[in-house]
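Reading through the structure tokens given below for one structure.
If you read the sequence from its start, that first residue is 1, and numbering goes on from there. Just so it is clear, the model here is predicted, and its values are computed rather than measured. Order of listing sets the numbers, starting from 1, for every ligand and every atom in it.
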Amino acid sequence: MSVSYQGITFEPLYTKAQIAQIVETIAHRIATDYAGKQPHFICVLKGSVFFATDLLRALPMDCTMSFVQLSSYQGMASCGKVEEVLALNADIRGKDVIIIEDIIDSGLTMHAFKQRLEREQPASIALAALLFKPEQLLYEDARPDYYGAEITKEFVIGYGLDLDGLARNLPEIYKATK
Ligand code: IMP
Ligand code: MG
């Protein structure tokens with residue numbers, strides 16, 4: 001069934017069962033790639049909170065997690081600035097870090113955030129995103145290492161993804177009708 005926010009109609013894109021399958025698949029890929037390691041996950045608030053908590057519960061290995069909240073601004077030229085509204089409160093030096101994001105659009109936010117994390121000298125940085133809009137990507141270093149599904153540029157909501165703060169709590173994912 002479709003839902004409506006701010007006069008925009010959104011049609012179902014992924015059901016609860018499909019999301020659970022996507023999350024399970026990513027968890028298994030990460031568990032395979034990080035076997036014998038103890039990754040540190042950084043959940044990027046607020047959008048990835050549902051994805052992060054489901055992903056980590058599906059992960060059959062020891063890990064740690066922390067949270068950040070970011071706000072990005074498109075600066076002049078191609079360089080963007082990302083502000084940490086809620087700062088990272090973890091020592092990631094020497095750790096295998098996996099950032100958990102809801103969606104990669106232009107990639108500006110993750111481009112800037114990865115550069116900031118590099119300065120803390122982690123052993124590695126990987127990016128796991130639930131959704132990826134490849135046609136929109138402007139920053140190649142923000143291409144996710146793990147993602148659930150590629151989608152077109154239409155705006156999506158639900159399962160953490162919001163429209164002006166609303167619709168995050170929808171258990172399914174919906175996409176705007178054109
Ligand atoms: P980027 O920096 O352009 O990659 O934008 C990433 C951020 O924009 C995500 O973390 C989301 O908060 C937001 N965003 C991008 N596309 C959507 C969408 O379709 N629905 C909801 N939020 C989105
Ligand atoms: Mg976000």
Indicate yes or no: does an N/O atom of L161 lie under 3.5 Å from an N/O atom of ligand 1?
no

For M110, is at least one N or O under 3.5 Å away from an N or O on ligand 1?
no

At a 4.0 Å threshold, what atoms of ligand 1 neighbour a non-hydrogen atom of D162?
21 (C)

From the candidates L163, I157, I103, the one that places a heavy atom nearest atom 7 (C) of ligand 1:
I103

Looking at non-hydrogen atoms alone, which of D105, I151, L137 comes nearest to atom 15 (C) of ligand 1?
D105

Please report the C-alpha distance between L161 and I103 in whole Å, then the side-chain angles of each, then the deciding distance to 0.1 Å, and finally whether the side chain to side chain contact (heavy atoms under 4.5 Å, CB included) criterion is met.
CA-CA 8 Å; L161 294 148; I103 188 164; 3.5 Å; yes

Distance-only side-chain donor-acceptor flag, Y159 / N169, under 3.5 Å:
no

Short version for K133: what comes under 4.0 Å of ligand 1, heavy atoms counted, is side chain

Donor-acceptor check, side chain of T53 to backbone of F50, threshold 3.5 angstrom: yes or no?
yes

Work out whether the distance between some heavy atom of G107 and some atom of ligand 1 is less than 4.0 Å.
yes

For E101, which part has a heavy atom under 4.0 Å from ligand 1: side chain, backbone, both, or neither?
side chain

Run the side chain to side chain contact (heavy atoms under 4.5 Å, CB included) check on L163 and I8 step by step: do they pass?
CA-CA 10 Å; L163 177 62; I8 304 163; 4.3 Å; yes

Per-atom filter on ligand 1: closer than 4.0 angstrom to a heavy atom of D102 are 9 (C), 10 (O), 11 (C), 12 (O)

Regarding atom 17 (C) of ligand 1: of the candidates Y174, F155, F132, which has the closest heavy atom?
F155

In Å and rounded to the nearest 0.5 Å, what is the CD to OG1 distance from E154 to T177?
9.5 Å

Aromatic ring pairing F10/Y5, orientation class (parallel under 30°, perpendicular over 60°, tilted between)
perpendicular

State whether E84 and R116 are salt-bridged, where the test is any N-O pair (Lys NZ or Arg NE/NH1/NH2 against Asp/Glu carboxylate O) under 4.0 Å.
yes

